[in-house]
Amino acid sequence: MITEKKKAHYVNNKEFFEHLLAYKLKCNEAKEAGTQSPRITEYIGECFLKIAKNLARRPNFANYPFKDEMISDGIENCILYMHNFNPEKYSNPFAYFTQIIYYAFLRRIAKEKKQLYIKHKSFEAAMINEEMYEKFDNSDTYNNASYIIDTEKMNEFVDSFESKFKKKEKPIKALEKFFIIEEIDDGMGERS
């Protein structure tokens, strides 16, 4: 008879919970004594690192060139907000901190996209300035092959980024159409 081995999780949730409880007790004791909170334990730090690294391997985060920054942000947010973990309310620290790291990743992606947008827009402005400069000065200084980039992809990215921030007009609902009252000029300069 062949027995299947149980797949070991990279973070033991029960042990992680126990370590967090012990750390919370030390923090409460330090607070009552009026001293500084203790450093997080090595085990808790390893758990944060393992969760962040494994979450970064997921397909929706795997191909970003700034993966190390995402992992760092996730760990930093876990450390910043671990005091919010309430063992009486939450019994699954793995899920709690995975969620914190997940949203840290999303914030980092948004920051990097914004920086890429700024870079593309400033490059676009530089290209316009260069074209204007070339009209007045017929030198071939900037017509180097190193300045050739895929402007079509750059423009698509800029357009998609800007479309997220444009205000969308809300369609008028049937009930609102009924209540729209047009102003009527009665010829005396007064409107009713």
Side-chain angles (χ1 to χ4, degrees), residues 2-24 27 37-87 89-128 144-168:
I2 300 173
T3 58
E4 289 186 31
K5 278 188 173 179
K6 264 193 168 180
K7 188 176 180 181
H9 294 286
Y10 55 92
V11 173
N12 184 339
N13 206 18
K14 289 180 183 176
E15 191 175 346
F16 188 29
F17 185 72
E18 290 169 6
H19 279 268
L20 283 170
L21 282 176
Y23 178 75
K24 284 285 231 184
C27 286
S37 294
R39 292 178 60 181
I40 63 169
T41 64
E42 193 171 321
Y43 180 79
I44 293 173
E46 285 176 8
C47 289
F48 291 157
L49 181 63
K50 287 176 183 178
I51 293 169
K53 281 187 172 183
N54 281 293
L55 187 61
R57 288 187 193 136
R58 289 188 60 193
N60 49 337
F61 299 124
N63 293 322
Y64 287 107
F66 42 86
K67 196 186 307 186
D68 291 338
E69 288 86 354
M70 290 167 50
I71 292 169
S72 298
D73 286 352
I75 294 168
E76 178 185 18
N77 282 335
C78 285
I79 293 168
L80 284 173
Y81 300 114
M82 74 184 286
H83 67 276
N84 290 342
F85 180 77
N86 185 353
K89 192 174 181 183
Y90 309 111
S91 62
N92 188 352
F94 177 80
Y96 181 85
F97 289 106
T98 300
Q99 203 67 15
I100 289 174
I101 293 170
Y102 177 83
Y103 285 109
F105 283 8
L106 294 181
R107 283 189 297 276
R108 170 55 66 179
I109 291 168
K111 284 180 191 175
E112 293 293 335
K113 282 186 178 181
K114 185 176 179 182
Q115 288 300 316
L116 187 61
Y117 169 75
I118 292 169
K119 186 169 90 174
H120 284 327
K121 287 300 274 188
S122 56
F123 183 79
E124 189 178 89
M127 293 300 291
I128 291 170
N144 204 333
S146 64
Y147 288 95
I148 298 173
I149 64 160
D150 190 357
T151 56
E152 188 174 316
K153 283 187 180 178
M154 183 176 76
N155 289 336
E156 285 176 16
F157 174 78
V158 168
D159 291 342
S160 70
F161 189 85
E162 287 176 345
S163 69
K164 292 177 185 174
F165 296 104
K166 288 183 182 175
K167 290 186 178 180
K168 296 178 184 175

**OP:** Locate the shortest heavy-atom distance separating N54 from R57; write the atom from each residue and the value.
**Re:**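 Closest approach of N54 to R57: OD1-NH1, 2.7 Å.
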When every non-hydrogen atom of I101 is compared with those of A52, the smallest separation belongs to CD1-N, 3.8 Å
Please answer whether the main-chain N or O of [Y] pairs with a side-chain N or O of [X] as donor and acceptor at a distance below 3.5 Å.
{"X": "K24", "Y": "F85", "answer": "yes"}
{"X": "D73", "Y": "R108", "answer": "no"}
{"X": "Y23", "Y": "P38", "answer": "yes"}

Salt-bridge present (E18, K14; N to O < 4.0 Å) | no
Heavy-atom check, side chain of [X] versus side chain of [Y], under 4.5 Å:
{"X": "M82", "Y": "I100", "answer": "no"}
{"X": "R58", "Y": "L55", "answer": "yes"}
{"X": "N86", "Y": "Y96", "answer": "no"}
{"X": "I118", "Y": "Q115", "answer": "yes"}

Apply side chain to side chain contact (heavy atoms under 4.5 Å, CB included) to V11 and E46, showing your working.
CA-CA 9 Å; V11 173; E46 285 176 8; over 6 Å; no
To the nearest 0.5 Å, what is the distance between [atom1] on [X] and [atom2] on [Y]?
{"X": "I71", "Y": "F48", "atom1": "CD1", "atom2": "CZ", "answer": "15.0 Å"}
{"X": "Y43", "Y": "H19", "atom1": "OH", "atom2": "NE2", "answer": "5.5 Å"}
{"X": "N92", "Y": "Q99", "atom1": "CG", "atom2": "CD", "answer": "11.0 Å"}
{"X": "K53", "Y": "I51", "atom1": "NZ", "atom2": "CD1", "answer": "13.5 Å"}
{"X": "H120", "Y": "K113", "atom1": "NE2", "atom2": "NZ", "answer": "11.5 Å"}
{"X": "K50", "Y": "N12", "atom1": "NZ", "atom2": "CG", "answer": "9.5 Å"}

Under 30°, 30 to 60°, or over 60°: which ring-plane class applies to F94 and Y10, parallel, tilted or perpendicular? perpendicular
- Query: Parallel, tilted or perpendicular: which describes the rings of F16 and F97, with under 30° parallel and over 60° perpendicular?
  - Reply: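 F16 and F97: tilted rings.
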Check whether more than 12 heavy atoms from other residues, nucleotides or ligands sit under 6.0 Å from atom [atom1] of [X], and answer yes or no.
{"X": "K67", "atom1": "NZ", "value": "yes"}
{"X": "R39", "atom1": "CZ", "value": "no"}
{"X": "F66", "atom1": "CZ", "value": "yes"}

Task: Ring centroid separation F61 to Y102 under 6.0 Å - done: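 Between Y102 and F61, which both carry aromatic rings, the centre distance is below 6.0 Å.
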